[in-house]
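Below is one structure, written out as structure tokens; the observations come after it.
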Amino acid sequence: MNGHRISITGSLDNKLKSWLMGHPDAHERGALVLFRKMDRAVAGLPPSARFVGIDIIEMDGDWVLDSSPVHLRINLRKFQDIYVRCEQERLELGFAHCHPRGILDFSSKDDQNEQSILRGYAGCNGPDVSLVAMVLADGQWRARVRLGAAPDCVADVRHVCVLGTDLGVHIGRADDAAPSELLRRQEAAFGKPFNEKLKSLRIAIVGGGGTGSSVATLVARAGVGELIIIDGDLLEDSNLNRVRGYRRCDIGESKAATLARYIRDLGLLVTVVATEAYVNESPEAIDAISSADLVFGCTDDVAGREVLNQALYYYCQGLIDCGLTGKIDLDQEHQPYLRDHRGRVSTVLPEYGACLRCQGVVTEEKLSYESALKARPELAELDPETLRKEHYLVGGGEQAPGVGPFTSATADMAVATLFDLVRPYRRLPSDIRRDNIWYDFVHMAIHSNMPKDNAECFCCGPNGLLLKPENGYRLSMPSLGKLS
């Protein structure tokens with residue numbers, strides 16, 4: 001699927017819509033939107049830049065030469081300072097305006113305005129700049145992109161994704177192809193635009209094991225347009241009881257590449273690629289993450305979750321993270337039994353939901369334990385009390401048992417959460433939080449944990465990572481490589 005993509009936070013969307021539709025005489029209004037361009041290549045996927053909205057400038061006063069309900073004439077002499085800011089902060093310029101009479105399309109006057117802006121912009125900042133144009137009508141967005149090297153040419157935008165309390169996916173022009181019989185029943189449940197919205201998404205799945213392989217096959221069958229599977233592991237014999245898409249003959253092969261090949265062979269309308277790397281170590285994996293609209297965290301390591309927890313704020317994307325925990329005891333006959341087994345689905349958006357640190361999924365203690373275990377695997381054999389007293393580590397004990405039905409059930413609920421973000425349908429009890437849901441497979445119950453109320457959190461706090469620049473390194477981490 002071709003076409004660029006636009007991502008904006010819910011607060012920026014609200015501010016922009018309120019301004020554009022707030023003229024006292026219902027005239028057209030305009031605003032400048034400043035974007036950060038995510039344009040890092042992912043091998044095997046067609047080029048598709050993500051433009052992430054950073055700031056808006058309301059066009060009022062001497063910005064406007066003339067306006068009416070059907071036109072807007074702007075003062076091009078006001079742009080010079082904006083061009084300078086774009087160059088200094090490595091941003092791209094956007095121009096948004098409204099059509100108060102509800103026509104969701106660009107006019108010939110819009111063509112003239114965009115070309116005039118872009119010629120001045122490219123004349124100051126060079127031919128490699130991009131101009132993002134957005135039009136608002138009846139609460140819906142449509143967008144397109146022009147390049148400084150070719151102001152008369154228009155590049156499609158496949159969607160404008162608004163990340164508020166859900167994913168508001170404003171798709172571009174509908175596909176003229178006949179609807180797929182494969183997805184007709186899904187359309188009956190969620191409405192006609194639903195399948196087109198899923199098709200417009202690029203989703204990354206980090207981890208190709210028990211939950212990741214199930215998530216990958218489910219989202220592919222659901223009609224997601226582009227899928228990236230990220231995993232540096234090789235398939236092991238012990239994985240086979242709970243994974244999807246693998247065979248015994250695949251043991252020793254790359255999980256990511258094997259799973260991607262399996263999904264391709266299904267013959268579905270999805271473009272799937274593999275990144276055979278660990279997300280907390282690989283620049284290639286981070287570049288793939290930055291290109292995605294939404295990420296599923298299906299890794300079993302805390303260091304990987306820490307990276308995803310920060311990436312969602314830098315890159316303005318959704319994160320659905322899932323995992324399992326459990327405890328085995330012995331009964332009176334010294335036979336093992338499940339004392340506890342639960343699956344977790346955490347849903348975090350840039351401005352909604354507690355981050356994985358505030359949920360207790362990522363902690364400094366867990367990171368320290370995992371790092372020590374990587375350096376000295378023999379520590380895994382020690383009990384928690386010995387680890388604490390002799391090695392000053394908190395962790396250890398029973399690992400979650402790998403039980404196929406529980407693993408795949410957690411993946412099912414994670415994908416159902418994606419559906420709820422795109423087309424909200426859930427009616428949750430008052431004691432269940434959307435950002436943190438636990439599925440208790442022993443007692444057949446669901447519950448939520450209360451996150452920390454931490455205003456000082458460096459990820460999701462008021463002074464956290466939301467829309468922060470990367471300052472020359474991926475996620476501002478030198479270990480993840482320098483940006484070109």
Side-chain angles (χ1 to χ4, degrees), residues 4-5 7-9 34-43 45 47-55 85-92 125-126 128-130 163 202 204-207 228 230-232 256 273 275-295 297 299 301-319 321 348-351 355-357 361-364 366-368 370-371 374-375 456-484:
H4 302 303
R5 291 159 292 143
S7 296
I8 58 177
T9 62
L34 303 184
F35 291 95
R36 187 169 295 129
K37 186 178 182 182
M38 301 291 173
D39 194 18
R40 303 170 197 173
V42 179
L45 291 181
S48 175
R50 286 180 68 234
F51 292 88
V52 176
I54 302 299
D55 194 11
R85 181 180 172 187
C86 286
E87 184 172 37
Q88 291 177 340
E89 299 181 26
R90 302 185 69 178
L91 301 175
E92 297 290 356
N125 292 27
D128 293 332
V129 299
S130 302
L163 294 101
R202 177 179 291 186
I205 298 173
V206 180
I228 307 168
I230 303 171
D231 198 321
V273 298
T275 300
E276 300 171 48
Y278 298 111
V279 73
N280 59 307
E281 299 177 358
S282 166
E284 180 188 8
I286 297 301
D287 288 348
I289 290 293
S290 75
S291 80
D293 303 302
L294 182 135
V295 178
T299 179
D301 69 297
V302 187
R305 286 194 172 102
E306 169 78 328
V307 168
L308 300 183
N309 192 49
Q310 296 188 35
L312 80 94
Y313 298 104
Y314 276 102
Y315 300 145
C316 191
Q317 55 195 185
L319 172 64
D321 187 79
V348 192
L349 300 172
E351 295 180 318
C355 78
L356 297 185
R357 278 183 168 262
V361 175
V362 174
T363 66
E364 292 299 331
K366 291 178 182 179
L367 288 166
S368 296
E370 186 176 271
S371 177
K374 186 176 181 180
E456 303 301 317
C457 178
F458 79 91
C459 289
C460 66
N463 299 313
L465 300 177
L466 181 61
L467 303 179
K468 292 284 188 181
E470 292 179 279
N471 297 317
Y473 295 95
R474 291 171 178 84
L475 299 178
S476 296
M477 299 180 190
S479 62
L480 293 176
K482 197 170 186 177
L483 293 167
S484 58

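- Taking both residues in full, the closest heavy atoms of Pro478 and Ser476 are given as CD-O, 3.6 Å, listed atom of the first, atom of the second, then distance.
- Applying the salt bridge (charged side-chain N to carboxylate O under 4.0 Å, His left out) test to Glu281 and every residue at least two apart in sequence or in another chain returns Lys374.
- What you find for Cys355 and Asn309 is that their closest heavy atoms are CB-OD1, 3.3 Å.
- Evaluation of the salt bridge (charged side-chain N to carboxylate O under 4.0 Å, His left out) test over residues 472-484, restricted to residues two or more places apart or in two chains, returns Asp287-Arg474.
- Ile230 and Ala288 make their closest contact through CD1-CB, 4.1 Å (heavy atoms, listed as atom of the first residue, atom of the second, distance).
- Note that CG of Leu163 and CG of Leu319 are 11.5 Å apart. Values are rounded to the nearest 0.5 Å.
- Under the side-chain contact (heavy atoms from CB on, under 4.5 Å) criterion, Val273 pairs with Val42, Leu45, Ile228, sequence neighbours left out.
- For the pair Met477/Gln310, a side-chain contact is recorded, criterion being any heavy-atom separation below 4.5 Å from C-beta on.
- By the 4.5 Å heavy-atom criterion applied to side chains, Arg357 and Glu364 are counted as neighbours.
- A search for salt bridge (charged side-chain N to carboxylate O under 4.0 Å, His left out) contacts involving Glu370 returns nothing, not counting sequence neighbours.
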Could you go through Val129 and Cys86, starting from their C-alpha distance and side-chain angles, then the distance that decides it, and tell me whether this counts as side chain to side chain contact (heavy atoms under 4.5 Å, CB included)? CA-CA 10 Å; Val129 299; Cys86 286; over 6 Å; no
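- In this structure, the side chains of Val206 and Ile289 come closer than 4.5 Å at one or more pairs of heavy atoms.
- For Glu92, there are no salt bridge (charged side-chain N to carboxylate O under 4.0 Å, His left out) partners two or more places apart in sequence or in a different chain.
- Looking at residues two or more places apart in sequence or on another chain, you find a side chain to side chain donor-acceptor pair (under 3.5 Å) between Asp321 and Arg305, Arg344.
- From Ile205, atom CD1 reaches atom CG of Leu294 across 9.5 Å, with rounding to the nearest 0.5 Å.
- The ring pair (Phe, Tyr, Trp, His ring centres under 6.0 Å) check on Tyr314 picks up nothing, with sequence neighbours excluded.
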Apply side chain to side chain contact (heavy atoms under 4.5 Å, CB included) to the pair Glu306 and Asn280, showing each step before the final yes or no. CA-CA 8 Å; Glu306 169 78 328; Asn280 59 307; over 6 Å; no
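- Put simply, the side chain of Ser282 never gets that close to the backbone of Tyr278: no donor and acceptor are under 3.5 Å apart.
- In this structure, the side chain of Arg40 does not engage the main chain of Leu483 through any donor-acceptor pair within 3.5 Å.
- Of all heavy-atom pairs between Cys460 and Tyr313, the closest is CB-OH, 3.1 Å.
- Under the 3.5 Å distance criterion, the side-chain polar atoms of Ser371 are left unmatched by any main-chain donor or acceptor of Ser368.
- Contacts of Ser290 classified as side chain to side chain donor-acceptor pair (under 3.5 Å), with partners at least two apart in sequence or in another chain: none.
- With sequence neighbours left out, the side chain to side chain donor-acceptor pair (under 3.5 Å) criterion links Arg5 to Ser48, Asp293.
- Annotation for Glu470 and Leu475: closest pair OE2-N, 2.6 Å, computed over non-hydrogen atoms.
- Looking at residues two or more places apart in sequence or on another chain, you find no salt bridge (charged side-chain N to carboxylate O under 4.0 Å, His left out) involving Arg90.
- One N or O on the side chain of Gln317 and one on the backbone of Ala292 form a donor-acceptor pair closer than 3.5 Å.
- Considering Leu91, Thr9, Ile8 as possible partners of Ile54, the one that fulfils the side-chain contact (heavy atoms from CB on, under 4.5 Å) test is Leu91.
- Minimum interatomic distance between Val307 and Val279 (heavy atoms only, all atoms of both residues): CG1-O, 4.0 Å.
- The CG atom of Leu349 lies 9.5 Å from the SG atom of Cys316; values are rounded to the nearest 0.5 Å.
- Under the 4.5 Å side-chain criterion, counting only non-hydrogen atoms from C-beta, Ser130 is not in contact with Phe35.
- Residues that satisfy the side-chain contact (heavy atoms from CB on, under 4.5 Å) test with Asp39, not counting sequence neighbours, are Lys37, Ala49.
- Evaluation of the side chain to side chain donor-acceptor pair (under 3.5 Å) rule for Arg36 yields no partner, not counting sequence neighbours.
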